[in-house]
Amino acid sequence: MEDLHRGVMFFGSNSCTLPAELVAAEDDVRFLAFLMALAGLAGMAPAPASAQTDTVMILDASGSMGGQVDGRSKISAARQAVDSILSKWKPNDRLGLMAYGHRTKGDCKDIEMLVPVGSFDAARIKSAVAGLNPKGKTPIADSLRAAAVSLKTTENKGTVVLVSDGIETCVADPCAVAAELKKAGVGFVAHVIGFDVTDPAAKAQLQCIARATGGVYLDARDASGLENALGRAVEAAQGAPVKTEAPPKPAADPYAGKNIRGVARLAAGLDPIADQRSDVHWAFFQSRGGEKGEFVTAFYNSPFADTIPPGDYLMEVEYGLAKLTQPVKVEKGKPTVLDVVLNAGYVTSEGATLDGGKTDNPTWEVLRGDDVLATDYAPVPRFILPAGDYVMRLSKGNSKVEKAFTLAAGDTVNLALTLDVGKLLVSGVYAPGGPKVENGFSVEIRHPPQGDAEQGEWVTTVYDALSRIDLQSGPYDVIVKVGEAQKTVRAEVKSGNSTRLDINLDAGVLGLKAGKVVAIEIVQAERDINNERKLVLTSYEPELNLALNAGKYVAVVQYADDRKVEKEFTIIAGKRTDVEVKP
């Protein structure tokens with residue numbers, strides 16, 4: 001039967017050529033068995049071709065995606081999430097990439113098919129996502145139409161995976177468009193992810209798109225949530241059962257019964273700011289002839305909806321350092337809708353050291369002239385500023401770098417600042433092998449002296465037993481002291497590296513008791529060419545506990561009756577020397 005099995009397998013590969021050994025066979029039984037197997041195969045239905053899915057991923061790259069979540073921009077989180085699902089994509093399924101709002105501000109036609117639906121190309125999609133720069137509006141409805149058109153080029157099953165962080169900001173109703181496309185028999189399903197969506201109206205709209213097309217809706221509150229939700233949406237697109245997070249029926253209007261609503265925009269024509277973290281502050285004051293009167297109430301977030309008594313008000317809106325003041329009239333029985341433009345933008349930065357490492361524990365400052373307008377200590381800061389000219393300063397310890405920038409209304413500027421900083425760690429010992437200097441230890445850092453100068457420019461002084469000092473790369477004089485003992489060494493700091501110094505002060509401790517004294521002078525025992533001894537310390541206390549460099553000294557003790565008593569002693573490195581002087 002060996003020849004029979006080989007013949008069947010060969011036929012299964014769509015060839016009608018018989019094996020040579022079967023053609024030449026004289027064994028009728030063997031040949032009959034082959035024909036019977038052939039007849040059985042001929043009666044079988046052909047195996048269907050494997051099902052193929054065409055998917056368009058639509059990424060929101062509108063201005064609001066320049067906002068932050070988990071300390072970084074939303075678009076950065078989206079890039080990471082897309083990278084994660086590309087490694088899990090079925091190579092047999094075709095994938096295209098569409099984005100909107102990434103090229104121009106205020107343009108509802110800013111929709112681009114970055115990677116047409118075709119054979120899976122992870123590198124091309126990753127490169128396209130990396131190049132997205134949030135700028136414009138949110139034309140969700142027209143993006144769905146464009147995706148539907150691209151999916152009708154083949155007979156494959158078509159799906160859309162939409163990631164958006166906000167509401168439609170162009171004219172069309174995306175939920176109605178999704179329903180029309182479904183009714184028209186276009187036949188695609190939209191799986192929708194609401195990324196950091198806190199506006200109830202925006203969430204309801206995105207859920208409606210998924211419901212209208214038979215897709216799933218998933219919430220993603222932060223960067224890790226987006227990665228998880230996108231993975232689940234991809235599973236749904238590839239046929240796996242995924243439970244939707246949208247209610248079966250639309251929720252009631254969350255703004256019903258409110259007589260004042262408001263949204264804020266960074267610039268005219270851009271998406272409303274979607275910020276439910278109380279960062280947008282709306283304050284209402286009584287209007288006294290157009291001037292600000294008594295405070296009435298305050299609302300938070302964007303968008304907001306609430307209730308306020310009818311009347312004339314002066315409203316102040318603040319978002320970061322951006323501020324707008326305008327009159328508002330609230331009439332009885334008539335809803336007041338506010339749409340304010342702040343003419344502001346976002347500024348972020350990711351500091352790095354010269355070797356490409358990240359800057360930990362940085363200080364960020366935004367300056368105008370000599371004035372510091374704002375400070376942030378986050379690894380990746382976000383400043384909200386009115387349009388204008390500024391300077392960003394990044395500092396860490398005693399190293400700093402500055403960069404001037406211009407911010408236009410609606411811009412999201414990410415400044416590249418490279419900080420030249422290394423770390424110097426300094427401790428001290430009295431003698432090789434110890435003991436360690438624990439108390440009274442100071443580390444003074446100076447630049448090397450220039451020319452004939454005795455000392456270089458002072459940089460900083462730190463008083464910790466293990467002093468950690470951030471410095472710009474280069475040479476420094478490190479002067480360590482405890483009591484009157486000191487040692488100076490030259491150190492080289494390298495950017496991005498830590499340099500550890502455990503400095504031997506070659507010192508000991510003097511314990512001196514002298515009774516009721518007027519003064520005590522500690523001088524070096526050796527006399528100079530002028531027969532004078534160098535003064536080390538003058539004290540007016542009867543007892544001393546003092547660190548000194550190793551060597552010979554003399555204690556000169558003066559008493560009330562003008563008598564002076566001298567006593568010589570020797571300090572040994574790492575040891576304590578006790579001396580008693582009697583009148």
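Looking only at atom types and distance, the side chain of N343 has no donor-acceptor partner in the side chain of R265 under 3.5 Å away. Of the N and O atoms on the side chains of S399 and D470, not one donor lies less than 3.5 Å from an acceptor on the other residue.
For W89, there are no side chain to side chain donor-acceptor pair (under 3.5 Å) partners two or more places apart in sequence or in a different chain. Shown here are the salt bridge (Lys or Arg N to Asp or Glu O under 4.0 Å) partners of R368, two or more places apart in sequence or in another chain: there are none. Residues passing the ring pair (Phe, Tyr, Trp, His ring centres under 6.0 Å) test with F405 are Y390, sequence neighbours excluded. Under the ring pair (Phe, Tyr, Trp, His ring centres under 6.0 Å) criterion, F569 pairs with Y553, sequence neighbours left out. Take K323 and apply the side chain to side chain donor-acceptor pair (under 3.5 Å) test, not counting sequence neighbours, and it matches no residue. Taking the salt bridge (Lys or Arg N to Asp or Glu O under 4.0 Å) definition, one finds that D121 meets it with nothing, sequence neighbours left out. For D376, the side chain to side chain donor-acceptor pair (under 3.5 Å) test picks out no residue, with sequence neighbours left out. A search for ring pair (Phe, Tyr, Trp, His ring centres under 6.0 Å) contacts involving W282 returns F304, not counting sequence neighbours. Residues passing the side chain to side chain donor-acceptor pair (under 3.5 Å) test with R393, sequence neighbours excluded: E365, E402.
Separation of atoms CG (L206) and OH (Y217) is listed at 5.5 Å; rounding is to 0.5 Å. Atom-to-atom distance recorded for D306:CG and T297:OG1 is 7.0 Å, nearest 0.5 angstrom. Expressed to the nearest 0.5 Å, how far CE of M57 lies from CG of L97 amounts to 7.0 Å. Taking CG from N414 and OG1 from T348, the interatomic distance works out to 3.5 Å, rounded to the nearest 0.5 Å. One distance of note links CG of L59 with OH of Y100; it measures 9.0 Å at 0.5 Å rounding. The distance from the NE2 atom of H191 to the CG atom of L218 is 9.0 Å, given to the nearest 0.5 Å.
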For the pair K552 and E526, evaluate salt bridge (charged side-chain N to carboxylate O under 4.0 Å, His left out) and give the outcome as yes or no after the intermediate values.
-> CA-CA 8 Å; K552 292 185 177 182; E526 184 180 354; over 6 Å; no

Apply ring-ring contact (aromatic ring centres under 6.0 Å, His included) to the pair F284 and F295, showing each step before the final yes or no.
-> CA-CA 6 Å; F284 289 80; F295 170 77; 9.2 Å; no

Can K105 and D411 be said to form a salt bridge (charged side-chain N to carboxylate O under 4.0 Å, His left out), step by step?
-> CA-CA 9 Å; K105 298 177 184 178; D411 272 358; 2.7 Å; yes

Check against side-chain contact (heavy atoms from CB on, under 4.5 Å), I384 and L321 = CA-CA 6 Å; I384 304 159; L321 294 186; over 6 Å; no

Can H281 and Y319 be said to form a ring-ring contact (aromatic ring centres under 6.0 Å, His included), step by step?
-> CA-CA 7 Å; H281 178 245; Y319 186 43; over 10 Å; no

Carefully, step by step, assess Q80 and E227 under the rule side chain to side chain donor-acceptor pair (under 3.5 Å).
-> CA-CA 7 Å; Q80 179 177 319; E227 191 169 329; 3.2 Å; yes

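Side-chain N or O atoms of N549 include one that pairs as donor or acceptor with a backbone N or O of L505 at under 3.5 Å. With hydrogens and angles disregarded, a donor-acceptor distance shorter than 3.5 Å links the side chain of S84 to the backbone of A81. The main-chain N or O of L466 is never found under 3.5 Å from a side-chain atom of D464 such that the two would form a donor-acceptor pair. A distance-only check finds no donor-acceptor pair linking the side chain of D199 to the backbone of G166 [under 3.5 Å]. Remark: side-chain polar atoms of S467 are not paired, donor with acceptor, to backbone N or O of V443 under 3.5 angstrom. In this structure, the side chain of S473 does not engage the main chain of V493 through any donor-acceptor pair within 3.5 Å. D107 contributes a side-chain N or O that, together with a main-chain N or O of K109, makes up a donor-acceptor pair within less than 3.5 Å. Between the side chain of E444 and the main chain of T461, no donor-acceptor pair closer than 3.5 Å is present. Between the E541 side chain and the E543 main chain, no donor and acceptor come within less than 3.5 Å of each other.
Annotation for Y463: atom OH does not count as buried by contact number, only 12 or fewer foreign heavy atoms lying within 6.0 Å. Counting non-hydrogen atoms of other residues, nucleotides and ligands closer than 6.0 Å to NZ of K126 gives a total of 12 or fewer.
Between M315 and K292, every side-chain heavy-atom pair lies at or beyond the 4.5 Å cut-off. In this structure the side chain of I469 never reaches within 4.5 angstrom of the side chain of K423, judged on heavy atoms. Contact check for P362 versus Y377: no side-chain heavy atoms found under the 4.5 Å cut-off. At least one side-chain heavy atom of M98 sits under 4.5 Å from a side-chain heavy atom of I111. Put simply, the side chain of I503 reaches to within 4.5 Å of the side chain of V478, judged on heavy atoms. Between L314 and T325, some side-chain heavy-atom pair lies under the 4.5 Å cut-off. Side-chain atoms of I522 and L544, non-hydrogen and from C-beta on, do get closer than 4.5 Å to each other.
Applying the salt bridge (Lys or Arg N to Asp or Glu O under 4.0 Å) rule to pairs touching residues 471-480 yields D477-R490, sequence neighbours excluded.
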Under 3.5 Å, which donor-acceptor pairs link side chains of residues 127-140 to any protein atom two or more places apart or in another chain?
residue: K137; atom: NZ; partner: T169; partner atom: O; Å: 3.2
residue: T138; atom: OG1; partner: S62; partner atom: OG; Å: 3.3
residue: T138; atom: OG1; partner: D271; partner atom: OD1; Å: 2.8
residue: T138; atom: OG1; partner: D271; partner atom: OD2; Å: 2.3

For a quick test of your reading: what N or O donor-acceptor pairs under 3.5 Å do the side chains of residues 427-442 make, sequence neighbours left out?
residue: S427; atom: OG; partner: R500; partner atom: NH2; Å: 3.2
residue: S427; atom: OG; partner: D502; partner atom: OD1; Å: 2.7

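Heavy-atom minimum distance, K400 versus S395: CB-CB, 3.7 Å. The two atoms that bring A507 and A485 nearest to each other are CB-CB, 3.6 Å, heavy atoms only. In plain terms, the two heavy atoms of V263 and P272 that are nearest each other are CB-CB, 3.9 Å. The heavy-atom pair separating A408 from A387 by the smallest distance is C-CB, 4.1 Å. Across T104 and D110, no two heavy atoms sit closer than the pair N-OD2, 3.1 Å. Across every non-hydrogen atom of L419 and S495, the tightest pair is O-OG, 4.0 Å.
When the options K74, K203, R221 are evaluated for a salt bridge (Lys or Arg N to Asp or Glu O under 4.0 Å) with D165, the one that passes is K74.
With salt bridges taken as basic N to acidic carboxylate O contacts below 4.0 Å, none links D339 and R261.
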